[in-house]
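Throughout, numbering of the chain's residues begins at 1 and tracks the sequence.
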Amino acid sequence: SESGTVGGALLDRVAEAGLGASSFAAIGNRADVSANDLLQYWADDDRTRLVLLYLESFGNARKFSRIAREVSRTKPVVAVRSGGAARAYPSDGDLGPDTLHALFDQTGLIRVATLSQQLDVARVLACQPLPAGPRVALVGNGGGSLALAADACVDAGLTLADLGEGVRTAVADAGGGSAARVRASTVDLGFEAVGADLSRT
């Protein structure tokens, strides 16, 4: 973190979320250690499964891009990037919005807007196995919410899976009940379904 207070808040929330931290560094104005140095360290650290960053600037953006691309191939990197309205440190060659967007796309970094979003993403990455591919099937308790989720998946470039008869049987065996409806890519358990029903399915 380039901010000690943001870092402290993040560490508190990491503990509340039931996650752990292998190491933490508040680098401030980067007098000696930079984000690039830390990324290189974490790339080789067996205790580190993913990296969370709070960045206000990139220093040597070209070097950051190269290192971040290498690290993100093996470990997810989730970054909160300040928009710069009230920069804590002087600008050292700020990147414009288009350039910044391209940087994140090219490096494979996951950019989020808030610390809460960062922790949500971290929990998924730490606790959920990475998917084998881009196909998605949706399970829920309402047709409208499933339709919105399906639209969001398509907008994100994911592929909606074709669910066959085996899924219908599996849903029935899991206790989905007569209200459950299996469509091409969604399983609607009906509005009376609760969390336990979703977990079983």
Side-chain angles (χ1 to χ4, degrees), residues 1-30 34-36 38-39 42-43 48-131 134 136 138 140 144-158:
S1 174
E2 272 188 88
S3 163
T5 54
V6 170
L10 182 61
L11 286 176
D12 287 342
R13 294 182 183 189
V14 162
E16 291 171 5
L19 299 173
S22 62
S23 57
F24 170 75
I27 56 176
N29 59 5
R30 306 183 313 274
S34 71
N36 295 338
L38 291 168
L39 281 172
W42 286 320
T48 301
R49 293 169 53 194
L50 61 102
V51 177
L52 305 181
L53 299 176
Y54 169 73
L55 298 174
E56 294 182 343
S57 59
F58 288 100
N60 185 334
R62 179 169 292 162
K63 184 176 180 183
F64 177 87
S65 175
R66 178 180 54 79
I67 295 170
R69 187 180 300 113
E70 292 172 2
V71 175
S72 66
R73 286 189 183 119
T74 56
K75 297 180 181 182
V77 180
V78 186
V80 176
R81 170 59 155 80
S82 168
R87 184 80 64 217
Y89 302 104
S91 171
D92 54 356
D94 252 356
L95 303 177
D98 292 342
T99 305
L100 184 63
H101 185 72
L103 174 68
F104 275 80
D105 279 350
Q106 292 173 3
T107 57
L109 267 65
I110 303 167
R111 184 182 184 187
V112 294
T114 67
L115 295 181
S116 295
Q117 290 177 359
Q118 189 177 46
L119 281 177
D120 288 342
V121 172
R123 288 180 69 184
V124 169
L125 293 170
C127 304
Q128 177 68 34
L130 290 177
V136 176
L138 302 167
S145 58
L146 286 166
L148 291 172
D151 289 344
C153 288
V154 171
D155 290 345
L158 300 172

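Between the CG atom of Leu50 and the OG atom of Ser72 there is a distance of 12.5 Å, given to the nearest 0.5 Å. Put simply, CG on Leu53 and OG on Ser1 are 9.0 Å apart, with the number rounded to the nearest 0.5 Å. Here CZ of Arg49 is found 13.5 Å from OG1 of Thr74. Values are rounded to the nearest 0.5 Å. A distance of 8.5 Å separates CG of Leu115 from OH of Tyr54, quoted to the nearest 0.5 Å. To the nearest 0.5 Å, atoms CG (Leu39) and CG (Leu109) are separated by 7.5 Å.
Nearest heavy-atom pair across Ala25 and Leu38 is CB-CD1, 3.7 Å. Closest approach of Val78 to Gln118, counting heavy atoms only: O-NE2, 2.9 Å.
Applying the salt bridge (charged side-chain N to carboxylate O under 4.0 Å, His left out) definition to pairs two or more places apart or across chains, none involves residues 9-24.
Here the side chains of Ile110 and Leu125 are in contact, with some heavy-atom distance below 4.5 Å. Leu119 has its side chain within reach of Val14: a pair of non-hydrogen atoms, C-beta onward, lies under 4.5 Å apart. Inter-residue side-chain proximity for Leu11 and Phe24 is flagged as met; some heavy-atom pair is nearer than 4.5 Å. Looking only at side-chain heavy atoms (C-beta outward), Ser23 and Trp42 come within less than 4.5 Å of each other.
Looking only at atom types and distance, the side chain of Ser3 has a donor-acceptor partner in the side chain of Thr5 under 3.5 Å away.
Within 6.0 Å of CZ in Arg66 there are more than 12 heavy atoms belonging to other residues, nucleotides or ligands.
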Solution key, residues 145-158 side-chain donor-acceptor pairs under 3.5 Å, sequence neighbours excluded:
from, atom 1, to, atom 2, distance (Å)
Ser145, OG, Gly142, O, 3.0

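Formation of a donor-acceptor pair under 3.5 Å by the Lys75 side chain with backbone atoms of Thr48 is found in this model.
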